[in-house]
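Everything on this sheet refers to the single structure shown next.
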Amino acid sequence: MWRECDRVHRVIICCSMTKQTKAYIALVFICITWGTTYMAIRVGVTHYPPFLFAGVRQTIAGIILMLGALAVSRKKDLSIRNILLQMLIGFLMLTLGNGCVSWGEKFIPSGVAALICSLMPLFAVLFNLFSSKKEHFNGLIGIGMLMGVCGVGLIFRHNLADLSNPSYVGGMLSVLFATAAWALGSLINKKDLAPVNPFFNSGMQLFFGGIFMLLMSPAIDSYQGLVLWNNDGLLALVYLIVFGSVLAYGAYMYSLSVLPVGIATIYAYINPMIAVIVGYAVLHESLNLYTVLAFITIVISVYTVNRGYRKQQTTQIRKTENTAVEAFPESVPIES
């Protein structure tokens with residue numbers, strides 16, 4: 001009997017490790033793919049209105065992902081509560097997150113947009129702090145936030161001449177707002193602890209996020225001089241649908257369902273570096289000392305904030321354990 005239990009225990013551990021391994025593989029794929037999508041977005045919005053372009057991308061990707069998810073598993077949660085939840089997440093992460101990044105990249109380089117988006121884990125930690133009374137601000141978090149502001153300041157320092165252009169400033173603020181919206185949507189999605197079919201839910205998020213963008217497009221976009229057939233724009237659209245949305249977004253939701261938020265959002269450390277290099281190599285965007293310093297500063301700031309957040313959580317867990325020990329002293333094992 002004990003051998004049978006031990007074998008079952010080993011099988012459970014093995015399955016758990018396999019699931020985590022898949023989540024880490026998905027995370028590596030996200031790091032590489034989403035690093036290149038900034039360039040593709042930049043190419044796309046050069047030829048098409050941003051919200052129209054992003055809306056078409058996400059709506060088509062959502063349909064593909066939902067059909068693919070149903071082909072693998074017929075299980076789905078079509079309750080009103082779940083549909084409204086996926087609509088909310090889609091609105092935050094896709095309509096506001098992806099839509100505002102796409103709009104911002106019409107006015108700023110893809111590398112600059114990626115650097116700003118690298119602040120996403122910082123926003124995620126801050127939202128966690130403000131949404132839970134059990135979690136508190138500490139010195140490391142404060143230092144990390146200050147460094148993050150300095151990193152953004154370095155981006156502005158290199159582009160001082162562009163700050164006189166309202167469109168450029170608006171583009172940067174749009175991407176910053178998008179980053180906060182994406183972080184908030186990620187946290188709400190993480191709290192959905194037992195989704196019936198996470199890939200189908202991801203498809204709904206893409207679909208609803210895309211539909212909202214298409215509805216907003218006439219009020220935000222300009223269709224002046226629009227030419228529907230453009231080879232570069234359409235190639236960018238196809239790449240973003242297949243790799244940026246269907247594969248990478250599905251992989252992100254899978255890794256988010258398995259890994260802690262702090263780990264699942266680590267792609268934000270790597271994406272900017274890939275985006276800056278690709279933007280420099282393909283689109284001939286500027287790459288200089290200020291860009292490198294901004295990247296290093298922001299990465300260190302995000303790491304510092306995450307470390308401060310983990311330290312604060314560890315302290316809270318120890319306090320809880322000590323309280324439990326005081327309440328139930330008989331449960332403390334005797335030292336041998």
Side-chain angles (χ1 to χ4, degrees), residues 30 33-34 37-38 40-41 44-45 48-70 76-78 80-106 113 117 120 123-124 127 174-192 195 197-221 236-257 264-265 267-268 271:
I30 294 162
T33 304
W34 274 349
T37 53
Y38 290 96
I41 291 172
V45 299
Y48 297 110
F51 269 76
L52 176 65
F53 179 77
V56 170
R57 165 196 172 184
Q58 305 298 6
T59 302
I60 295 174
I63 294 171
I64 294 172
L65 193 55
M66 282 190 289
L67 292 175
L70 289 178
K76 56 187 179 296
D77 184 357
L78 294 178
I80 297 298
R81 178 193 172 279
N82 188 58
I83 291 174
L84 291 176
L85 176 62
Q86 306 314 320
M87 289 177 69
L88 173 62
I89 296 171
F91 180 75
L92 289 171
M93 296 184 66
L94 283 308
T95 306
L96 298 183
N98 181 251
C100 289
V101 167
S102 300
W103 188 88
E105 281 202 49
K106 195 170 183 69
C117 287
M120 197 278 291
F123 279 108
F127 285 136
S174 177
V175 175
L176 189 64
F177 175 73
T179 305
W182 182 279
L184 181 58
S186 293
L187 290 177
I188 294 174
N189 187 80
K190 182 66 178 176
K191 290 180 181 179
D192 186 17
N197 188 335
F199 288 105
F200 186 80
N201 285 350
S202 299
M204 282 200 289
Q205 293 165 16
L206 290 168
F207 177 77
F208 286 125
I211 291 296
F212 289 143
M213 280 189 274
L214 292 176
L215 293 174
M216 294 168 64
S217 175
I220 298 174
D221 290 330
L237 179 63
V238 171
Y239 178 79
L240 288 168
I241 290 173
V242 176
F243 290 94
S245 293
V246 175
L247 297 179
Y249 193 76
Y252 176 61
M253 287 304 160
Y254 179 75
S255 66
L256 196 63
S257 68
T265 56
Y267 69 87
N271 285 358

- Task: Grab the two heavy atoms, one from S186 and one from M93, that are nearest each other, plus how far apart they are.
- Result: OG-CE, 3.5 Å
- Shortest non-hydrogen contact from C117 to Y38? CB-OH, 3.1 Å
- For residues G210 and Q58, report the shortest heavy-atom separation together with the two atoms involved. CA-CB, 3.8 Å
- Message: Distance check, rounded to the nearest 0.5 Å: I89 atom CD1 versus N189 atom CG?
- Response: 4.0 Å
- Note on the structure: d(E105 CD, F53 CZ) to nearest 0.5 Å is 10.0 Å
- Beyond-backbone contact of N271 with T37, side-chain heavy atoms, under 4.5 angstrom: no
- Aromatic plane relationship, W182 with Y249 - under 30° parallel, 30 to 60° tilted, over 60° perpendicular: perpendicular
- Item | Heavy-atom closest contact (M213 atom, A54 atom, distance) | SD-CB, 3.5 Å
- Message: Tell me if a side-chain donor or acceptor on T33 pairs with a main-chain N or O of I30 at a distance below 3.5 Å.
- Response: no
- Ring geometry between F212 and F91 (parallel below 30°, tilted from 30 to 60°, perpendicular above 60°): perpendicular
- Out of curiosity, T179 OG1 to L176 CG, how far, rounded to the nearest 0.5 Å? 6.0 Å
- Task: Inspect the surroundings of CZ in F243 and state if more than 12 heavy atoms from other residues, nucleotides or ligands are less than 6.0 Å away.
- Result: no
- Will you find, in the side chains of N201 and Q205, an N or O donor that is under 3.5 Å from an N or O acceptor? no
- Task: Report yes if the side chains of T59 and L206 come closer than 4.5 Å at any heavy-atom pair, otherwise no.
- Result: no
- Note on the structure: Rounded to the nearest 0.5 angstrom, the CD-CG distance for Q86 and L84 is 10.0 Å
- Message: Donor-acceptor pair, distance only, cut-off 3.5 Å: does the side chain of S217 make one with the backbone of F51?
- Response: no
- Message: I need the L184 CG to L92 CG distance, nearest 0.5 Å.
- Response: 5.0 Å
- Note on the structure: Closest heavy-atom pair, I188 versus L88, reported as atoms and distance to 0.1 Å, is CD1-CD2, 4.1 Å
- Side-chain contact test, heavy atoms from C-beta onward, threshold under 4.5 Å: evaluate it for N197 versus D77 and give yes or no. no
- Look at atom CG of L78 and say whether more than 12 heavy atoms of other residues, nucleotides or ligands are closer to it than 6.0 Å. yes
- Rounded to the nearest 0.5 Å, how far apart are CZ of F208 and OG1 of T95? 11.0 Å
- Note on the structure: Closest non-hydrogen atoms of Y239 and A40, given as atom of the first, atom of the second and distance, are CD2-CB, 3.9 Å
